[in-house]
Each structure stands twice: as structure tokens, then as C-alpha cells.
Amino acid sequence: MLANEEVVDGRSEVGGFPVERRNLRQWVLRITAYADRLLADLRDVDWPDSTKRMQEAWIGRSEGAELDFALEGSQGATLKVFTTRPDTLYGCTYMVMAPEHPLVDVITAPAQREAVAAYRKKAAAKSDLERTDLAKDKSGVFSGAYAINPVNGARVPIWIADYVLMGYGTGAIMAVPAHDERDYEFAVHYSLPIIQVIAPGNGGECVLPFVDDGNLVNSGPYSGLEWAEAKKRITADLAGRGIGKATVNFKLRDWLFSRQRYWGEPFPIVWVNERDYPLVAARRVGDLPPNPVTYSQDGVRYCALPLPAVALPLTLPEVESYLPSGTGESPLANCTDWLEIWFNVDTGAAVSASQPRPAGDAWVRGRRETNTMPQWAGSCWYYLRYLDPHNGSGIASPELLRYWGTPDLYVGGAEHAVLHLLYARFWHKVLFDAGVVPQNEPFKKLFHQGIILGEDGEKMSKSRGNVVSPDTIIASHGSDTLRLYLMFLGPLEDKKPWNPRGIEGVHRFLQKFWRECISAEGTPNPKIVDQADADSAELTKLLHETVKKVGDGIEALRFNTAISQMMIMVNAMQKSDRVSRTTVLTVIQLLAPFAPHLAEELWERLGRAPSVLQAPWPQYDEAKLVRDQVKLVFQVNGKHRGDQSVPVNLSQEDALALARANEKVAPHIDGKDLKRVIYVQNKILNLVVG
RNA sequence: GCCCGGAUGGCGAAAUGGUAGACGCACGAGACUUAAAAUCUUGUUUCCGUAAGGAAGUGUGGGUUCGAGUCCCACUCCGGGCACCA
């Protein structure tokens with residue numbers, strides 16, 4: 001079993017083994033039933049716009065219409081197409097059906113049978129990737145059949161082409177080459193007619209294919225209408241005749257939820273013969289779906305019977321080997337004793353089928369499902385299980401689910417934008433509908449951290465040999481240094497190259513702070529005094545600035561600037577002869593989330609207990625942040641020509657007088673006309689002279 | 001092809017439309033040392049200048065503004081996502 005990208009030229013990327021496509025019995029989860037809600041509820045979450053857009057594109061909602069085209073010469077049979085452009089119906093010059101469309105056999109004219117069969121065979125041999133990758137050259141074959149355009153009775157040839165996908169819409173389209181790039185390319189290639197039915201609204205020039213909005217032309221009674229209006233009218237008119245209706249389509253497909261490998265949660269399903277199922281169903285009233293999932297093999301139909309709740313969870317059997325089964329089924333297919341069983345419908349108990357049938361009416365012959373679940377089966381709800389990991393009766397207790405709620409902030413890589421983050425939303429909504437969780441969305445606020453690249457600026461990988469192991473850094477510098485450096489490198493969301501020398505900087509910073517707190521003898525640094533007013537005015541002000549900046553930085557996830565502010569603070573402490581104990585303790589607290597081990601040790605050595613983690617977060621005093629002097633910048637014609645420390649809230653007249661008297665500014669304005677003065681208090685004085 | 005994001009010293013980066021380069025790395029000079037490491041002091045965008053000072057400068061070209069790394073338009077390059085979805 002390989003993923004698409006593991007197949008190269010029909011062979012496995014590793015080993016070069018031939019690869020074939022095979023239909024397997026698999027399970028899918030009906031995520032499509034939630035498509036509209038998954039789309040609409042994106043409005044309510046605080047996520048990066050780019051991620052929301054990716055999910056929107058993935059869900060791919062598009063509004064349009066399903067229209068029925070009568071088939072020529074076959075009474076009553078119709079070809080249903082989906083289009084987002086019913087307004088261009090008069091421009092339809094041919095139809096296209098996907099090669100896999102079930103009606104292809106029905107409509108193909110005898111003379112075209114051979115050509116169509118050959119084309120279908122060729123298309124089937126292509127992988128999905130080939131069908132999309134080779135998009136440049138469109139190919140197709142005429143079926144020999146015609147459809148009738150419902151608005152004007154025109155005879156329209158039906159082609160078979162693999163640029164139309166069976167998995168989307170109805171698997172058939174009406175082609176309007178004048179107003180669709182793909183249809184245009186195909187029509188030119190096969191010399192099919194092209195009829196323009198939309199003209200630019202502003203009367204401007206029109207180059208086909210013309211896909212922008214405009215007004216209808218060559219469209220009978222609809223000519224002259226604006227296209228949006230025409231969409232509504234044509235759809236409504238066809239609906240009135242019973243041959244069309246407005247619909248919505250999604251790109252989102254149902255979610256293939258089974259894997260053919262050993263590791264993975266086994267499906268709690270037992271397959272029983274269709275003949276036995278009614279007896280089973282009678283014992284499990286209210287516990288089974290109205291219609292069982294079924295499949296047929298060797299002429300026998302089997303019905304899916306879920307294990308009773310008391311028998312959950314189903315665990316994997318102990319095996320000697322979990323190598324592939326050889327048949328395409330999972331390795332579980334070889335665990336005969338686990339697989340082929342007498343199954344107790346009421347209790348879920350099982351006995352190997354090699355044993356005699358146990359006594360009692362509840363026992364039925366069954367075969368377990370051999371597919372296993374993908375990794376998503378766990379990643380979709382782990383954040384709920386963390387709340388109550390040992391709960392044996394449910395995901396987590398309702399009280400804990402209510403108390404803790406969902407994660408306040410979810411940090412994860414952008415590579416999860418459409419898979420994990422969409423699947424987990426889907427599960428959460430299903431759980432919400434089932435009354436298990438009290439919220440509709442799992443991750444209210446999302447943030448994508450960047451990845452750390454190798455020293456060479458490339459993604460770390462073993463093959464490139466640029467991998468840096470955190471264990472090595474922890475061994476040489478400690479985990480506090482590593483943690484601090486990762487945060488100091490740059491903005492959290494950016495990807496950044498690893499710099500082995502850069503880590504020395506933050507390591508030195510931590511050592512310097514340690515020395516400020518603890519002397520070489522291991523006792524508190526004698527410069528730390530208990531006198532509350534020991535700090536200079538500047539140091540006090542800097543402390544309050546630092547408390548504010550670090551707190552704001554944490555809230556905004558700007559750790560790099562928070563750390564640089566702490567460096568500025570510690571540099572200032574180092575230059576001071578005395579520092580008050582409360583100031584040192586405050587800085588320890590600020591550092592604690594960044595370098596928890598070091599902070600905890602210093603906290604204790606400076607005589608504090610209990611843990612620094614339990615101390616309330618420091619508050620800054622707004623009054624301590626205000627300054628009485630500010631640096632006013634003088635500009636002449638927008639150029640910096642000097643600056644001066646001035647009292648706050650200086651008047652413009654005073655500022656102007658200072659500028660005129662300033663020896664650096666004066667030469668630039670002397671003897672010139674002062675045309676304009678721009679004064680931004682406490683910041684800048686710009687003199688425009690001519 | 002379409003949709004995002006990014007580009008600032010030798011390097012990682014900082015900067016509510018108001019002194020571009022904070023903080024750190026690297027490098028230079030000095031102090032301490034027999035010496036080295038560590039530590040401390042100091043300098044470091046580029047060009048001209050001994051200096052004072054001047055000029056240029058945030059990927060490129062235009063624009064708005066007294067003033068643009070920041071806002072607007074066009075483009076180049078790099079990265080990511082999607083890719084025949086009718």
C-alpha cells in the first residue's frame with residue numbers, strides 16, 4: 001500500500017516494484033455532511049487568514065445548478081450536468097462525460113464503441129496524479145451520441161474526456177468553450193464550435209475565452225441581461241419545467257478512514273452473513289443503524305455488526321509478525337483465531353471458530369474487520385483526553401470537559417492547515433452534536449510556529465546531514481539555554497536557520513544574570529540590598545518598562561523582543577553598584593517562563609519559597625513609566641539635523657526657539673524662509689524651509 | 001496557471017507613518033592575566049573626511065505625505081499552498 005507520491009512511473013519509489021491499482025473494501029467517514037458547517041464556522045475562530053483560506057479552498061463550496069439534457073433518440077433518458085454558469089447555456093456547443101460515467105456504455109453509438117473502449121482503458125491506466133499532471137494536453141473521444149440543449153433545442157455532441165472527473169458534481173458537464181478556459185482549449189484542439197454568449201459589460205474588448213462578468217448576447221430571450229440575473233432566471237425557468245435546480249457542490253470528499261496495516265485501532269466491527277443478520281438485529285433493538293453496511297464476496301452478502309458498547313475497546317491481537325498479509329488486506333487477516341470467530345451478539349465475547357459453537361442463542365459465526373484506523377483516530381481528540389486520561393467510561397468526564405473547555409491557544413505547524421485541523425474540527429462537531437462536548441469548535445485561537453532550519457538554511461533532514469539534536473545542546477548548554485535561544489532567534493512564526501554560535505549569546509546572558517544574583521562563593525551577591533529605594537531612578541523606570549514589555553511580549557507571542565528587553569535590564573543591573581532585592585526577584589519572575597530551572601534555583605537561593613511558579617505575576621506601575629524629559633528630534637525638510645532633551649509636553653513656540661538656538665540645526669535654517677512647521681509633541685519638530 | 005507569505009548591516013533580527021539597524025552573534029581595539037580562557041570597557045551600515053561633519057541607504061521602479069522599512073501601484077527574486085472541482 002503506497003501513497004500517490006510514493007509511486008514513480010508505475011513503480012514504487014523505494015525498491016522499484018511494480019504498482020497496481022486495486023479496489024479494496026474500506027471505511028470512510030462522512031465529513032461531507034459537515035461541509036457547510038466546517039466552512040461557515042471558520043468565521044468565528046481566531047486563526048491566521050491564510051489557514052482559513054486554505055480550509056475554504058479545500059472544502060471548495062460552489063453554487064450552481066444541475067441541469068438535465070435530454071438524450072437524442074432515447075425516450076426520457078437524460079444527462080445530468082452540474083454548472084456554475086447556467087447563464088452561458090446558449091453557448092454550450094458540446095458535452096463531456098468522465099470516462100467512468102455509468103451512462104457512457106448506454107449512449108455510445110455502435111460505430112464509436114471501439115474508440116471509446118480504447119480511450120476508457122487508457123484513462124483507467126493513468127494514476128490520479130498523471131491525470132492531473134498531464135493537464136496541458138487534453139484528450140477525448142466522440143461518443144457518437146447527441147444531447148438536446150433544453151433552452152434552444154440545439155443538437156450537442158457528447159464527448160468522453162478525462163478532464164472531467166467522475167468524483168465531482170455529476171461527472172458530466174456542459175462545455176461552453178467561449179467562457180471556460182478548459183473547454184476552450186479542448187474545443188480548439190478538436191475543432192469544435194465556439195459561441196460567445198457573454199460580452200463585457202463596459203463594451204470593452206473581448207478576448208475568448210472570456211471568463212469575467214458581463215451581459216448576455218446570442219441568448220434568445222435572455223440576451224441583454226446581466227449575468228448574475230441571468231443565472232437566477234435560467235435556473236428558475238428550467239426548474240419550472242422540472243429539468244433543473246439550483247445546487248451546491250463541494251470539493252471536499254468523504255474521508256478515507258481505513259489503513260491496511262497492523263498498528264492502528266481495529267474497527268469494532270464483525271461481519272456476519274446476511275442470513276444471520278435478522279436474528280442479530282432482533283437482539284440489539286435500538287443499538288444498530290436502520291440499515292446495515294454491507295459488502296459482497298464470492299456471491300455472499302455480509303452485514304456489518306458493531307460490537308456492543310460493553311465490549312469496547314477492541315484491542316489488537318498479540319502477534320508474532322505484523323508483516324503484510326500478502327493479499328492486500330491488513331496483517332490482521334492472518335490472525336485466524338482472532339479473525340474467524342463465534343461471536344456473542346449480546347456481550348461481544350468471541351471464541352475462535354476452530355472451536356465448537358458455544359451454547360446459547362446469542363452466538364453467531366462472524367469475521368472481524370481487518371482494516372485498522374489511521375493516526376488521525378487519535379490526533380482528532382487527544383486534546384480532550386488529556387483532561388481525564390484514565391476515565392474508563394467516556395472520553396472525559398462532563399464536568400472536566402466543561403471546566404477546562406478547549407485549548408485557549410493551539411500552536412502547531414502550518415502543514416496541518418487542512419488535514420489535522422479540519423479533521424479535528426469535524427470530530428469535535430460530531431461530539432458536540434452527540435452532546436459530549438459543550439463547544440462547537442475545538443481550537444478558538446490558532447498560531448503556526450515556524451520551523452528551525454539547518455545551519456545551511458535548508459530544512460533539517462538526515463540525508464542533508466544538517467540535523468541538530470536538542471539532546472546535544474541540552475547536554476552542552478542546558479535546556480534553559482536551548483529554550484531561551486529558540487525563542488530569541490526571531491519571530492515565532494518565522495522559519496529560521498540554526499546558528500551554533502548564536503546560542504553562546506543567550507548562554508552568556510543567563511550566566512551573567514546568575515552572577516548578578518549569586519557571588520562566586522555561592523551566596524547572594526552582596527550588591528543586592530534589602531533597602532527598597534536602593535535603585536536609581538533610571539533602574540526603577542527600566543524595571544517597570546521591562547515588566548510591561550515582557551508581559552506584553554508574552555501575550556503577543558513576541559518572545560524575542562521580550563528576551564532582548566530582559567537583556568537590557570540585566571545589563572543595567574550589572575552597571576549598578578546596588579540593586580534592591582525586590583528588583584532582582586521581579587526579574588527572576590519575568591525570566592521564569594523562559595528559563596524555568598535557573599529561575600527556580602535563584603528564587604530559592606534568594607530565600608523565597610514556595611516555587612516561583614506560585615508567585616503572582618509582577619505588575620508595573622503606569623506612573624513609573626512617565627518621563628519628565630524626552631528627546632525631541634529636529635528635522636529640516638524631513639532630514640534629521642539634531643536632537644535635544646526637552647521637558648515633556650513642550651509648546652511649539654518653545655520647541656521652535658530651541659531649534660533655532662540649536663547649533664546643529666541653525667546652519668540649515670539661517671537665512672531661509674520658514675514655510676511650514678510640523679510639531680508632534682514629545683517626538684519631532686520638522687521645519688520646512690525654502 | 002491561481003492563492004498566500006517574505007526580502008532591512010558580515011549574520012539572526014528590532015522599529016503605534018516620526019532619529020533605520022534596539023538586542024544578540026561575529027569581528028576590531030583596550031583592561032585584567034606570566035599567558036590563555038572567562039569577564040569587563042569600547043568601537044563596528046556604506047562612502048568621503050584625521051576629526052567635526054557631510055552624502056547615500058531597508059529587493060527594483062514609480063506614487064501619496066512636511067516626513068515611508070511601514071501606506072498605494074507596477075515589477076524581480078525566494079518560500080509555502082492548491083492545481084482540469086465545471
Side-chain angles (χ1 to χ4, degrees), chain A residues 48-54 56-58 60-62 64-65 81-86 88 95-96 98 129 131-138 161-165 167-176 179-183 185-186 249-253 414-415 417-418 448 450 453 457 459 484-485 488-491 493-509 511-512 515 558 560-571 574-575 631-643 664 667 675-680 682-689:
Chain A
D49 277 344
S50 60
T51 305
K52 287 189 183 185
R53 274 194 290 268
M54 277 167 73
E56 282 166 13
W58 193 263
R61 183 181 201 274
S62 73
V81 301
F82 173 72
T83 179
T84 56
R85 296 295 304 274
T88 62
M95 317 285 291
V96 182
L129 276 190
R131 268 177 79 160
T132 53
D133 260 13
L134 303 175
K136 311 126 208 167
D137 298 321
K138 291 203 175 23
D162 66 2
Y163 81 91
V164 169
L165 310 173
Y168 184 78
T170 63
I173 63 157
M174 63 174 217
V176 184
H179 305 291
D180 182 282
E181 280 167 19
R182 299 150 302 182
D183 297 344
E185 193 190 322
F186 191 83
N249 253 302
F250 294 93
K251 284 192 219 174
L252 186 69
R253 313 275 181 88
E415 68 273 17
V418 283
H448 296 311
L453 304 169
K459 208 168 175 176
L484 196 67
Y485 180 54
F488 183 63
L489 261 177
E493 66 272 26
D494 288 1
K495 29 182 196 179
K496 305 149 277 221
W498 177 260
N499 178 350
R501 284 189 298 265
I503 197 161
E504 299 296 341
V506 289
H507 194 59
R508 278 203 281 263
F509 161 68
Q511 288 178 314
K512 185 190 288 184
R515 286 195 304 270
R558 288 195 305 262
N560 53 331
T561 51
I563 293 167
S564 73
Q565 181 65 32
M566 287 189 278
M567 288 173 166
I568 292 169
M569 179 67 201
V570 172
N571 286 343
Q574 184 189 52
K575 288 180 174 63
K631 193 192 227 174
L632 183 66
V633 171
F634 300 127
Q635 291 186 341
V636 178
N637 291 341
K639 278 192 194 300
H640 176 236
R641 294 299 181 185
D643 51 60
K664 288 181 181 167
K675 290 188 170 164
R676 193 171 163 190
V677 176
I678 293 103
Y679 181 52
V680 181
N682 303 328
K683 270 191 184 155
I684 201 157
L685 175 72
N686 188 10
L687 306 176
V688 183
V689 299

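Computed from a predicted model, the values in this text were never measured in an experiment. Throughout, a chain's letter reflects where its sequence line sits, starting with A, and its residues are numbered from 1.
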Whether A/S564 contacts B/A13 is assessed here as follows: a side-chain N or O lying under 4.0 Å from the phosphate OP1 or OP2. Is that the case? no
Partners meeting side-chain hydrogen bond (donor to acceptor under 3.5 Å, both in side chains) with A/R558 (sequence neighbours left out): none
So, using ring pair (Phe, Tyr, Trp, His ring centres under 6.0 Å) as the criterion, who are the partners of A/H448 when residues are at least two apart? none
Going by ring pair (Phe, Tyr, Trp, His ring centres under 6.0 Å), name the residues that satisfy it together with A/Y485, two or more places apart in sequence or in a different chain. A/W498
Side-chain N or O of A/R641 versus OP1/OP2 of B/A55: is the shortest distance under 4.0 Å? yes
Please name all residues satisfying ring pair (Phe, Tyr, Trp, His ring centres under 6.0 Å) with A/W58, sequence neighbours left out, ordered by chain then number. none
Taking the P atom in each of B/U46 and B/C78, what is the distance between them to the nearest angstrom? 28 Å
Using a cut-off of less than 4.0 Å, is there contact between a side-chain N or O of A/R508 and OP1 or OP2 of B/A26? yes
A/R61: what forms a salt bridge (charged side-chain N to carboxylate O under 4.0 Å, His left out) with it, not counting sequence neighbours? A/D36, A/E63
Taking side-chain hydrogen bond (donor to acceptor under 3.5 Å, both in side chains) as the definition, give me every residue that meets it alongside A/N560, ordered by chain and number, with sequence neighbours left out. none
Sorted by chain and residue number, the ring pair (Phe, Tyr, Trp, His ring centres under 6.0 Å) partners of A/F250 (sequence neighbours excluded) come out as none
According to side-chain hydrogen bond (donor to acceptor under 3.5 Å, both in side chains), who are the partners of A/D180, at least two apart in sequence or on a separate chain? A/R182
Collect all protein-nucleotide pairs involving nucleotides 9-12 of chain B in which both atoms are nitrogen or oxygen and the distance is under 3.5 Å.
residue : atom : partner : partner atom : Å
B/G12   : O2'  : A/L489  : O            : 2.6

Using nucleotides 66-70 of chain B, report all nitrogen or oxygen pairs with the protein that are shorter than 3.5 Å.
residue : atom : partner : partner atom : Å
B/C66   : OP1  : A/R676  : NH1          : 2.7
B/C66   : O2'  : A/N686  : ND2          : 3.4
B/C66   : O2   : A/N686  : ND2          : 2.4

Counting only side-chain N and O atoms of A/N560, is one of them less than 4.0 Å from OP1 or OP2 of B/A14? yes
Complementary nucleotide of B/C27, counting Watson-Crick and G-U pairs under 3.5 Å: B/G43
A correct 5'-to-3' footprint of nucleotides 41-52 of chain B, with B, S and - meaning base, sugar-phosphate only and no protein heavy atom under 4.0 Å, is S-----------
Tell me, please, which residues at least two apart from A/Y168 pass side-chain hydrogen bond (donor to acceptor under 3.5 Å, both in side chains). A/S62
